[in-house]
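Data block below; observations after.
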Amino acid sequence: MFSKPIPKSTSENSRNRSQNEKITSIIGEDLRIEGNLNSQTTIRIDGQVSGDVEAANLIIIGEKALLKGNLKSNAVLVHGQVTGDVQCGELVITKSGSITGEMNVGSIEIEMGGHYNGTLTMGNQEKIIALGKEKRQA
């Protein structure tokens, strides 16, 4: 009666989004890719990628994933290891996630146990999100 509803954390929202989002591209654990990837929707990476990754909606880095390259998306959810720069509207680093590089984000959440080593710039979230919308319209 007197209690306020507890708001969901960013990571809960991102996890729910990752479960509800239609993932159109998946890089499996057994794949190793050298080169850049670009998706107009959502991409999930569970393998190894050496190259930049752009997705209009969401990039999910799986727990066993190793990515050496830059990420650019509306939202990024990191369970694995990323070495490179990240530019997104919403960034979540889970307890198993790790990022080494520069991060330019609208909002960030790091779970207990998650790691980042580098610089963090909190930018204009609307401007960063607009980058993903421009990609979809092109």
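These figures come from a predicted structure and were not determined experimentally.
Closest approach of Gln40 and Ala56 over heavy atoms only: O-CB, 3.2 Å. Of all heavy-atom pairs spanning Gly106 and Met122, the tightest one is O-CE, 3.3 Å. Across every non-hydrogen atom of Glu111 and Lys95, the tightest pair is OE1-N, 3.0 Å.
Residues meeting the side-chain contact (heavy atoms from CB on, under 4.5 Å) test with Ser98, sequence neighbours left out: Gln81, His115. Checked against side-chain contact (heavy atoms from CB on, under 4.5 Å), Leu31 has the following partners two or more places apart in sequence or in another chain: Ile27.
The OG1 atom of Thr94 sits 11.0 Å away from atom CD1 of Ile61, with the distance rounded to the nearest 0.5 Å. Taken from CD in Glu54 to CD1 in Ile59, the straight-line distance is 8.0 Å, to the nearest 0.5 Å. Expressed to the nearest 0.5 Å, how far CG of Leu77 lies from CD of Glu109 amounts to 10.0 Å. Rounding to the nearest 0.5 Å places CG of Leu71 at 7.0 Å from CD1 of Ile99. Atom CG of Asp52 sits about 11.5 Å away from atom CD of Gln87, to the nearest 0.5 Å. Of the inter-residue distances, the one linking Leu120 atom CG with Met103 atom CE reads 5.5 Å to the nearest 0.5 angstrom.
Between the side chain of Asp85 and the backbone N or O of Asn70 there is no donor-acceptor pair closer than 3.5 Å.
Proximity of Ile60 to Ile43: side-chain heavy atoms (C-beta onward) are nowhere separated by under 4.5 Å. Asn57 has its side chain out of reach of Ser73: every pair of non-hydrogen atoms, C-beta onward, lies at least 4.5 Å apart. Between Val53 and Leu67, the closest side-chain pair of non-hydrogen atoms falls below 4.5 Å. When side chains are defined from C-beta on, Val76 does not count as touching Val92, because their heavy atoms never get closer than 4.5 Å.
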I would like to know whether Ser39 and Thr24 meet side chain to side chain contact (heavy atoms under 4.5 Å, CB included); could you show each step before the answer?
CA-CA 8 Å; Ser39 173; Thr24 56; 4.0 Å; yes

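At a threshold of 4.5 Å between side-chain heavy atoms, the hydrophobic network of Ile, Leu, Val, Met, Phe, Trp and Tyr places Ile45 and Ile33 in one connected group.
When each of Ile110, Val82, Val86, Val78 is tested with Tyr116 by the rule side chain to side chain contact (heavy atoms under 4.5 Å, CB included), just one qualifies, namely Ile110.
Remark: the Thr83 side chain and the Thr100 side chain contain no N/O donor-acceptor pair separated by less than 3.5 Å.
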